[in-house]
Undergrad: 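What follows is a structure written as structure tokens; I'll ask about it next.
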Amino acid sequence: MIAQLNDAQRQAVTFGQGHLLVLAGAGSGKTRVLTTRIAWLIHSQGVSPHSILAVTFTNKAAREMLTRIEAILPINTRGMWVGTFHGLCNRLLRFHHREAGLEQTFQILDSADQLSAIRRLFKELNYDETLFNPRELQQFINSQKEQGIRPDACVARDQREEHCVDFYARYQEQCEREGVVDFAELLLRAYELLKNNSVLRAHYQERFKYVLVDEFQDTNPLQYAWLTLIAGTDSNIFAVGDDDQSIYAFRGADISNMFRFKQDYAGENVIRLEQNYRSSGHILDAANQLIAANEGRLGKNLWTDSGQGEPIRVRIMDTDALEAQWVLEEVQALLAKGTEPQDIAVLYRSNAQSRVLEHRLFTAGVPYRVYGGLRFFERQEIKHVLAYLRLVHNPNDDTSWLRVVNFPTRGIGARSIEQLSELAHNYQCSLYRAVPFMTGAAANRLATFVQLLQQMAHAAQGMTLPELVQFVTKHSGLAEYYEGQREGQERLENLQELVNAAAVFVQEEGIADHAAGQIPVDAHASVADPMAAMSPLGAFLTHASLEAGDTQAQAGEQAIQLMTVHAAKGLEFDVVFVTGLEEGIFPHERSLDAEHDLEEERRLMYVAMTRARQRLYLTRAHTRMLHGQRRYYQSSRFIAELPEENLHWLSPAPAAYGGEAGQPWGQHLGAQMHRWQPGNRRAQADNYGGSIYRNRAVTVNGREFRIGMGVRHPKFGEGTVLRVSGEGENAQAEIQFQAVGKKNLALAIAKLDIIS
DNA sequence: GTCGGCTGGCTTTTT
DNA sequence: GCCAGCCGAC
């Protein structure tokens, strides 16, 4: 089992008692170490699967872990708790719903559900739309919850935040009233459950002697607290992560958890997995050099014994369209030489960049697949059916009620809903329960809708889950509605797919025979699995909320892979193109102002580069269409940060760094400027003077120097302003010169010409 | 209640 | 350039 591991891997796998931090570099066999350790604990140390808790971030990672453990050890993994933070918290809360103050049937709101719940409350409370918007409030609420802060513990720094806190409190009341739980709430509730209930806490701390965490760098403060709580004082925490691949700070992930864990738990117990089994030497050397520019890393250097391989190919084109064209040609050449399309990935910083690429690939007839976008359970038609199913499960679910009460239309308009809401408000009840208080014509229509729901609920008692889904699809009128739509065919297919998904679900859960709406009779005997104590329908709805469906390729699909760098994390390809390497695109313009944001962008670049096994391409364009405007961009600093010896310049006349000095882009710029005037000049002025580089300029002798500006020095040649500081006589700038690298210059003295 | 036109806004998104 | 959300017209 451990014979094929390298020394560091073996050390990690066979680490004894205590806490351990494993710094697992990209491609260093992280998953293998995790799964082998679990197998080793059970097989060689006689540890019971029962005392193992393994946490991941994605369902996919959790599944993969289980599959791989089962491949090593022919044991039943049932007793183990392996899952996502959210999945495991859900399990805890279903088990102990009473202690957690929840109905056992509580529903989970995904992000979209949460937003619509917030919108609804927002309208009801008549919030000032010029001061707040629902999205901001959603962010506020989630970020509070991710820090473990309840409304009463919030500290508002100003009046505006006071309103946010107030809204948070009202939102929470609404959730309680409706028996729904959002993603962050799953974690916070589970955390509070353990924190406030010493008996339960003792039970789980006693049980889980081995706690293993994957992608530790992505944990948020609440997850950290949850882990420490469930581990208690006697358990062994095995945390695997890579601070250099932390790219989810914007979602609350806190990289400092790694430092904290080292301080609080691991101490000197840190193992680095630095041998890389994925990429060639040139790629790793360049990636190492790049990431070294970040400060406060835990420190790590990837190496390989499989040779230098090919240098990184760098190509600069005039426009984004030509960049796409060139990628296409390169892809075609690779395909002609026998590379499989699915082994080629084209990466970009933001989704908007995919359009041009898609256009070229599509026109040329090269099969491609774009990742991202809506997933199966997030599709409109699917959410509609799920809303009916949720109402069958719990008719007091107002979010679902509002979603489908008039879809397909059945003459229940905004006026009627308003009336109903008012009644519900007055009687402090759900919309469903408010129906009998209605009068007039709308009352009849609403009563008919209630009858429909009751008919469905009745059906649920006598049908299996797939049958029920089919029944609801038909009797809700959704099937007929989409049949009548011009673009409805695909949606109809998805509805059928939902029936299939239900069938697969009951198969896998071993509940095929139960009626969808009934709680199994032997439910209470089932201590191992709280989900088994739910009706098949309830379990399916939970499944639909926690697992939005795969965005990953089906195996065997023959297509070029297009995705954002974020989406590429954890994947690898023989050939990788990283496109759009421009200052303002990658690094993104919104990240230029703060050093910690820039460092995250650099980590993102690091992730992008380390996806490549054999060949890595970096491309950039001088100008790009963005937000409907043609804009001019400087080269990404990340290209400049790579060692020249690992690069192979494919653009005309490469020179020292930029590859552009020989055929200066100064001339290019002139040409482009000429071609796109005046719109282009205006766009540029907006770029540098406007929102992007705000507060990033100094004025010296009446001339303004801004970050991102192109300048020319009589001796050093052309360069780009990276940083500015000081005032007047003391003003300084750090400038990246193409020929001689970075220089700090006093702006009052240096003879600089501004060229762009 | 539905459709069409207008305006504004715009990174990334495991659960 | 594209999409979502809103508003006004039918």
Side-chain angles (χ1 to χ4, degrees), chain A residues 55-63 83-90 108-115 119 123 129 133-135 138-139 142 145-146 181-187 190 214-215 217-220 222-223 245-253 320 347-356 359 371-375 377-378 406-417 542-552 563-571 580 584-592 597 600-601 603-605 607-608 624-631 691-692:
Chain A
V55 199
T56 63
F57 274 85
T58 65
N59 293 301
K60 189 182 157 215
R63 274 196 303 270
T84 63
F85 277 101
H86 294 84
L88 296 174
C89 287
N90 172 58
I108 300 167
L109 302 183
D110 66 21
S111 307
D113 298 333
Q114 184 190 32
L115 187 60
R119 283 215 175 101
K123 281 194 184 125
E129 287 176 42
N133 70 53
R135 261 174 217 285
Q138 182 182 31
Q139 274 234 313
N142 289 339
K145 288 190 178 186
E146 277 158 13
V181 167
D182 59 47
F183 281 146
E185 185 73 15
L186 277 176
L187 297 176
D214 191 15
E215 305 278 15
Q217 75 282 354
D218 290 337
T219 50
N220 65 35
L222 179 57
Q223 285 159 338
Q245 291 189 70
S246 165
I247 56 173
Y248 283 106
F250 69 95
R251 294 186 57 125
D320 48 351
L347 309 184
Y348 35 81
R349 175 64 179 82
S350 65
N351 287 305
Q353 289 166 249
S354 76
R355 255 198 61 248
V356 192
H359 178 69
Y371 294 92
L374 279 193
R375 294 184 297 177
F377 284 110
E378 293 168 351
N406 199 34
F407 195 94
T409 50
R410 40 179 75 89
I412 302 169
R415 278 270 359 139
S416 315
I417 299 297
T542 298
H543 167 79
S545 302
L546 285 179
E547 189 154 1
D550 260 344
T551 40
Q552 299 286 327
M563 66 192 88
T564 64
V565 181
H566 281 91
K569 190 179 165 212
L571 306 177
I585 299 288
F586 194 2
H588 194 272
E589 59 186 22
R590 304 252 277 229
S591 304
L592 294 176
D597 287 337
E600 176 135 324
E601 295 286 314
R603 292 193 290 270
L604 201 49
M605 179 68 180
V607 168
R624 184 176 296 278
M625 284 294 271
L626 197 71
H627 308 323
Q629 273 186 321
R630 184 160 290 285
R631 312 217 282 185
S691 60
I692 301 174

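Naming: A, B, ... by sequence-line order, numbering from 1 per chain.
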Undergrad: At 4.0 Å (heavy atoms only), tell me whether A:L347 reaches a base, stays on the sugar-phosphate, or touches nothing.
TA: nothing

Undergrad: With respect to the side chain of A:R590, which nucleotide from B:dT14, B:dC10, B:dT2 is positioned closest?
TA: B:dC10

Undergrad: I want to check one thing: is the phosphate of C:dG1, taken as OP1 and OP2, less than 4.0 Å away from some side-chain N or O of A:R630?
TA: no

Undergrad: Check the distance between B:dT13's P and A:Q114's CD and give it to me in whole angstrom.
TA: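 Answer to the nearest Å: 18 Å.
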
Undergrad: With distance as the sole test, does A:S591 use its side chain to make a donor-acceptor pair with the main-chain N or O of A:E601 at under 3.5 Å?
TA: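 Not at all, since once roles are kept as given, no pair shorter than 3.5 Å links the two residues.
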
Undergrad: Once you apply a heavy-atom cut-off of 4.0 Å, does A:S591 come out as touching a base, just sugar-phosphate, or nothing?
TA: base

Undergrad: Within this structure, what is the CE-to-C1' distance between A:M563 and B:dT12, rounded to whole angstrom?
TA: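 Spelled out: CE on A:M563 to C1' on B:dT12 is 14 Å.
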
Undergrad: Using the side-chain heavy atoms of A:R119, tell me which of these nucleotides is nearest: C:dG5, B:dT14, B:dT15.
TA: C:dG5

Undergrad: Measure from the side chain of A:F57, starting at C-beta and using heavy atoms only, and say which of B:dT14, B:dT12, C:dG1 lies closest.
TA: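 Closest nucleotide to the A:F57 side chain: B:dT14.
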
Undergrad: Using the P atom on both, measure B:dT13 against C:dA4 and round to a whole Å.
TA: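 It comes out at 16 Å once rounded to the nearest Å.
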
Undergrad: Can you tell me the distance, in whole Å, between the OH atom of A:Y371 and the C1' atom of B:dT12?
TA: 18 Å

Undergrad: Going by purine N1 to pyrimidine N3 plus the second Watson-Crick contact, or the G-U wobble pair, all under 3.5 Å, which nucleotide sits opposite B:dT11?
TA: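 The answer is none; no pair meets the criterion.
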
Undergrad: What nucleotide, of B:dT11, B:dT15, B:dT12, holds the atom closest to the side chain of A:T564?
TA: B:dT12

Undergrad: Please check if the side chain of A:N406 supplies one atom and the backbone of A:G413 the other of a donor-acceptor pair under 3.5 Å.
TA: no

Undergrad: Identify whether any heavy atom of A:S111 sits under 4.0 Å from a base atom; if not, whether one sits that close to sugar-phosphate; answer base, sugar-phosphate or nothing.
TA: base

Undergrad: When you measure only distances, ignoring hydrogens and angles, does the side chain of A:R251 come within 3.5 Å of the base of B:dT15 through a donor and an acceptor?
TA: yes

Undergrad: Contact class for A:A61 vs. all strands (heavy atom < 4.0 Å): base, sugar-phosphate, or nothing?
TA: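 Here A:A61 touches no strand at all.
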
Undergrad: A:L571 CG to B:dT14 P: how many Å, rounded?
TA: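 Distance, rounded to whole Å: 12 Å.
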
Undergrad: Choosing from C:dG1, B:dT2, B:dT12, which nucleotide comes nearest the side chain of A:S350?
TA: B:dT12

Undergrad: Just to be sure I understand the rule, does A:R415 reach a base, reach only the sugar-phosphate, or reach nothing, if contact means heavy atoms closer than 4.0 Å?
TA: nothing

Undergrad: Should A:D218 and A:K569 count as an ion pair when the cut-off is N to O under 4.0 Å?
TA: yes

Undergrad: Can you check whether A:F250 stacks with the B:dT12 base, using ring centres under 5.5 Å and planes within 30°?
TA: yes

Undergrad: Compare every heavy atom of A:F183 with every heavy atom of A:L546, then report the nearest pair and how far apart it is.
TA: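 Distance-wise, the nearest heavy atoms are CD2-CE2, 4.1 Å.
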
Undergrad: Under 3.5 Å, is there a donor-acceptor pair between the side chain of A:E146 and the main chain of A:A184?
TA: no

Undergrad: Look only at the side chain of A:H588 and the backbone of A:R590, and say whether a donor-acceptor pair between them is shorter than 3.5 Å.
TA: yes

Undergrad: Mind checking if A:F85 touches a base, just sugar-phosphate, or nothing, with heavy atoms under 4.0 Å?
TA: nothing

Undergrad: Expressed as a whole number of angstroms, how long is the span from A:K60:NZ to B:dT13:P?
TA: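 After rounding, the gap between these two atoms is 14 Å.
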
Undergrad: Contact class for A:E146 vs. all strands (heavy atom < 4.0 Å): base, sugar-phosphate, or nothing?
TA: nothing

Undergrad: For the residue pair A:Q245 and A:Q217, confirm or rule out a side-chain donor-acceptor distance under 3.5 Å.
TA: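 No, no side-chain donor-acceptor pair sits under 3.5 Å.
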
Undergrad: Starting from the 5' end of DNA chain B, give me the residue, A:H588 or A:G413, whose nearest nucleotide shows up first.
TA: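 This one resolves to A:G413.
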
Undergrad: Rounding to a whole Å, what distance do you find between A:N406:CG and B:dT2:P?
TA: 7 Å

Undergrad: Which whole-number value in Å describes the distance from A:F407 CZ to B:dT2 C1'?
TA: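 A:F407 atom CZ is separated from B:dT2 atom C1' by 12 Å.
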
Undergrad: Can you tell me if the side-chain N/O atoms of A:R355 get under 4.0 Å from OP1 or OP2 in C:dC2?
TA: yes

Undergrad: So which nucleotide from B:dC10, B:dT13, B:dT15 ends up closest to the side chain of A:H86?
TA: B:dT15

Undergrad: Please give, in whole Å, the distance from C:dA4 P to A:N351 CG?
TA: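 In whole Å, C:dA4 P lies 13 Å from A:N351 CG.
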
Undergrad: Of the listed nucleotides (B:dT14, B:dT15, B:dT12), which one gets closest to any side-chain atom of A:N59?
TA: B:dT15

